[in-house]
K.L.:
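First the structure, which I've put down as structure tokens, then a few questions once you've had a look.
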Amino acid sequence: MKNEKNGRLEKTVFFLSAGCIIVIVGLLLLLPEESKIIVDKLMSVFTHKLGFLYILTYIILVVFLVWLTCGRYGKTVLGEPGEKPEYDNFSWMAMMFCTGIASSLMIFSFLEPIYYLTDTPFGIEPLSTEAYEFAHMYGQFHWGPSAWLFYTPATIAIAYHLFVRKGTSVRLGDLCKESRFGRNKFIAGAIDVFTIFAVLGGIGTSMGLAAPLVCQIISRTFHIPNNGLLLMAVFILWFAIFATSVWRGLDKGIKVLSNINIYIAMVFIVFVMVMTGISRVADVEINSIGLFITEFFHMSFNTDPFGKTGFPQNWTVFYWGWWLSYIPIMGLFTARISRGRTIRQVILGMIGYGSLGCLLSFSTLGCYALDLQLSGKADLVSILSGQGKEAALIAILDTLPFPMLTGIIFTILTIIFMATTIDSSAYILASATTKNLGGNEQPPRWNRLTWAAIFVLFALSLTRIGGLETMQTASVLTGLPMIFVCGLTLRILYKMLKEDKRESVNQTDMDKTKEQASGN
């Protein structure tokens with residue numbers, strides 16, 4: 001995994017994708033108002049007319065993973081029989097977690113419950129006791145097991161293709177050649193282009209949401225004007241951290257960053273938990289777990305066809321689109337670090353570790369924010385609706401002890417989280433645009449740096465036309481083609497497992513026949 005590939009560039013995929021992205025970025029920067037109008041219209045069409053596709057995809061994934069975990073294929077090793085995992089559990093969990101959730105987890109853990117107090121599901125009265133209960137729980141539905149199951153089938157399919165079938169490429173387009181449908185060169189190339197746009201949408205959303213918040217905290221803490229120069233400086237800082245990580249390589253770069261980030265995140269969450277009260281957090285979270293269980297099927301199948309409040313379209317469909325756009329990142333990257341683990345270990349590890357981290361963050365930070373609103377210490381609902389998410393986050397951090405130090409720690413945490421995600425994402429796009437990249441090779445540094453620069457430009461253009469709605473649209477739009485890719489991945493994984501199981505049974509029968517013949 002440590003060898004750098006100096007192979008040829010996949011020119012068609014690279015230049016077609018990069019060219020389209022440059023055009024989009026140019027339009028967003030030069031025509032921000034017109035772009036926003038188009039983005040808003042697209043968001044309405046994709047969520048309200050096609051939202052059911054995202055929900056059906058989620059339901060199918062739940063059923064498939066339950067079957068795969070409990071079935072006979074669960075103990076299949078993603079590597080040689082008896083091979084041990086390449087990374088220990090903590091490093092594996094840290095790299096996977098930091099890649100999958102970026103800095104958005106810390107931000108939304110504070111703010112998302114406040115949104116739900118007034119934008120309520122199921123017709124619940126805003127700011128009622130029931131609204132508070134659902135507000136604390138609903139983010140855990142979006143970020144918990146439901147999120148991580150989107151990534152798992154692609155991770156297993158790619159790891160199986162690489163380490164069991166000894167595949168010579170990590171591109172999703174080449175993986176799909178395992179099916180007759182994917183052997184068409186045009187379709188395989190289209191899948192790689194879809195992959196690039198999906199990664200771009202997911203990362204653009206994460207960076208576009210995080211950057212203004214980081215700027216606001218830096219401006220408040222160090223009394224620096226919050227303007228375009230500061231925004232550019234934040235993006236340059238992210239790029240610099242990423243470039244250092246690329247130069248140091250996977251083990252000394254992203255692995256080290258991920259481990260550091262997990263420790264800082266744990267310290268911050270425990271600090272907030274103590275400020276909230278450990279017993280208070282436990283009390284609220286136990287209630288949310290019960291509510292999660294009783295309402296799981298209602299939330300999973302909810303399309304709100306009669307109330308038409310727009311809640312599932314604005315939130316659940318947005319999240320499912322976001323997680324779909326992260327499938328290439330998580331599938332390709334986590335597959336590369338999962339060699340030696342069984343299919344069951346990968347499924348339970350990704351859903352278990354990933355969900356635990358997200359639930360811990362939402363249960364603690366969300367409880368703290370809701371208690372601020374409930375007690376009247378901070379009117380976060382009014383601040384969020386009147387001044388925006390940046391002001392609301394600052395108001396929350398200002399209520400903690402040592403607000404300046406707390407703000408600095410939160411900013412460092414956000415920056416490192418985002419840097420690890422940029423690193424992994426650029427790694428994936430560089431892999432998708434490099435020919436014949438094997439399971440133990442890394443794409444060229446220049447290729448990864450190129451995609452990191454594109455991420456910065458795209459995220460900068462998104463923040464220019466701005467707002468949460470714009471980021472939501474980017475995820476929903478780029479996630480839609482991944483529904484097709486996700487379905488094809490499930491079919492390919494099932495086909496590979498079934499074929500190899502049949503060959504294994506036939507080989508065993510042949511060996512028994514030979515033994516019997518030699519005995520006679």
Side-chain angles (χ1 to χ4, degrees), residues 43-63 104-105 108-150 281 283-324 355 358-359 361-363 365-374 379-382 384-385 389 392 468-469 472-473 475-476 479:
M43 181 66 174
S44 177
V45 171
F46 276 71
T47 55
H48 289 81
K49 301 298 183 182
L50 301 175
F52 71 94
L53 291 175
Y54 298 85
I55 293 175
L56 283 177
T57 301
Y58 163 74
I59 294 168
I60 291 170
L61 287 172
V62 171
V63 174
S104 305
L105 173 67
F108 274 94
S109 294
F110 274 131
L111 297 181
E112 190 170 332
I114 306 302
Y115 277 109
Y116 294 151
L117 286 177
T118 52
D119 187 7
T120 57
F122 309 129
I124 295 171
E125 182 182 352
L127 296 173
S128 63
T129 300
E130 191 176 14
Y132 274 91
E133 290 185 354
F134 270 83
H136 187 265
M137 178 276 296
Y138 226 106
Q140 299 180 51
F141 168 66
H142 289 145
W143 289 77
S146 302
W148 292 89
L149 65 85
F150 275 97
V281 172
D283 187 41
V284 175
E285 180 59 17
I286 289 172
N287 182 77
S288 290
I289 292 173
L291 191 60
F292 182 102
I293 294 172
T294 57
E295 296 291 334
F296 176 77
F297 288 102
H298 194 182
M299 294 186 294
S300 297
F301 288 83
N302 181 34
T303 59
D304 195 21
F306 300 109
K308 295 188 179 298
T309 61
F311 182 89
Q313 288 78 23
N314 294 335
W315 289 103
T316 303
V317 172
F318 154 58
Y319 274 118
W320 292 178
W322 198 0
W323 307 149
L324 280 164
S355 300
C358 291
L359 297 186
S361 181
F362 264 91
S363 64
L365 307 188
C367 181
Y368 183 80
L370 289 171
D371 279 354
L372 289 177
Q373 178 68 37
L374 185 63
D379 189 359
L380 299 176
V381 170
S382 298
L384 190 60
S385 61
K389 58 185 182 297
L468 177 61
E469 296 78 11
Q472 289 175 322
T473 306
S475 291
V476 172

K.L.:
Side chains of Phe141 and Phe296: closer than 4.5 Å at any heavy-atom pair?
P.N.:
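SC-SC contact between Phe141 and Phe296 confirmed.
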K.L.:
Quick check on the 6.0 Å ring-centre criterion: do Tyr138 and Trp315 meet it?
P.N.:
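Here the rings of Trp315 and Tyr138 have centres that are no less than 6.0 Å from each other.
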K.L.:
For Glu112 versus Gly139, what's the shortest heavy-atom pair and its separation?
P.N.:
OE2-CA, 3.5 Å
K.L.:
Can you pull the side-chain hydrogen bond (donor to acceptor under 3.5 Å, both in side chains) pairs that have at least one residue in residues 295-307, sequence neighbours excluded?
P.N.:
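The answer is Tyr58-Ser300, Glu295-His298, Asp304-Thr309.
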K.L.:
Less than 6.0 Å separating the ring centroids of Trp320 and Phe52?
P.N.:
no
K.L.:
Might you work through the side chain to side chain contact (heavy atoms under 4.5 Å, CB included) test for Val381 and Leu384, ending with a clear yes or no?
P.N.:
CA-CA 5 Å; Val381 170; Leu384 190 60; 6.0 Å; no
K.L.:
Mind listing the closest non-hydrogen atom pair of Lys389 and Tyr115 along with its distance?
P.N.:
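Distance-wise, the nearest heavy atoms are CB-OH, 4.0 Å.
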K.L.:
First locate atom CG of Leu117, then atom CG of Leu370, and finally report the distance between them rounded to the nearest 0.5 Å.
P.N.:
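It comes to 5.5 Å.
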K.L.:
Would you give the length of the straight line joining atom OH of Tyr132 to atom CG of Leu374, rounded to the nearest 0.5 angstrom?
P.N.:
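Going from OH on Tyr132 over to CG on Leu374, the span is 4.5 Å.
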K.L.:
Atom CD of Glu130 and atom OG1 of Thr120: how far apart are they, to the nearest 0.5 Å?
P.N.:
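Output value for this atom pair is 9.0 Å.
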K.L.:
Measure from the ring center of Phe311 to the ring center of Tyr116 and say whether it is less than 6.0 Å.
P.N.:
yes
K.L.:
Could you give me the CA-CA distance, side-chain angles and deciding distance for Cys367 and Glu285, then say whether side chain to side chain contact (heavy atoms under 4.5 Å, CB included) is met?
P.N.:
CA-CA 8 Å; Cys367 181; Glu285 180 59 17; over 6 Å; no
K.L.:
Which pair of non-hydrogen atoms, one from Glu133 and one from Leu291, has the smallest distance, and what is that distance?
P.N.:
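Taking Glu133 first and Leu291 second, the nearest heavy atoms are O-CD2, 3.7 Å.
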K.L.:
Which heavy atom of Pro113 sits nearest to which heavy atom of Ala135, and what is that distance?
P.N.:
O-CB, 3.3 Å
K.L.:
Can you tell me if Asn314 uses its side chain to pair, donor with acceptor, with the backbone of Gly310 under 3.5 Å?
P.N.:
yes
K.L.:
When rounded to the nearest 0.5 angstrom, what distance separates CZ in Phe134 from OG1 in Thr129?
P.N.:
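Between atom CZ of Phe134 and atom OG1 of Thr129 there are 12.5 Å.
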K.L.:
Show the nearest heavy-atom pair for residues Pro126 and Ala131, with the distance to one decimal.
P.N.:
C-CB, 4.3 Å
K.L.:
Distance from Ser288 atom OG to Asp283 atom CG, nearest 0.5 Å?
P.N.:
10.0 Å
K.L.:
Set out, in order, the CA-CA distance, both residues' side-chain angles and the distance that settles side chain to side chain contact (heavy atoms under 4.5 Å, CB included) for Ser361 and Trp143, then state yes or no.
P.N.:
CA-CA 10 Å; Ser361 181; Trp143 289 77; over 6 Å; no
K.L.:
Looking only at heavy atoms, which two atoms of Leu365 and Phe110 are closest? And how far apart?
P.N.:
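In terms of heavy atoms, the two residues are closest at O-CD2, 3.5 Å.
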K.L.:
Step by step, would you call Ser146 with Met299 a side chain to side chain contact (heavy atoms under 4.5 Å, CB included)?
P.N.:
CA-CA 11 Å; Ser146 302; Met299 294 186 294; over 6 Å; no
K.L.:
Once rounded to the nearest 0.5 Å, what's the spacing between atom OG of Ser385 and atom CD1 of Ile114?
P.N.:
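If we round to the nearest 0.5 Å, Ser385:OG and Ile114:CD1 are 11.5 Å apart.
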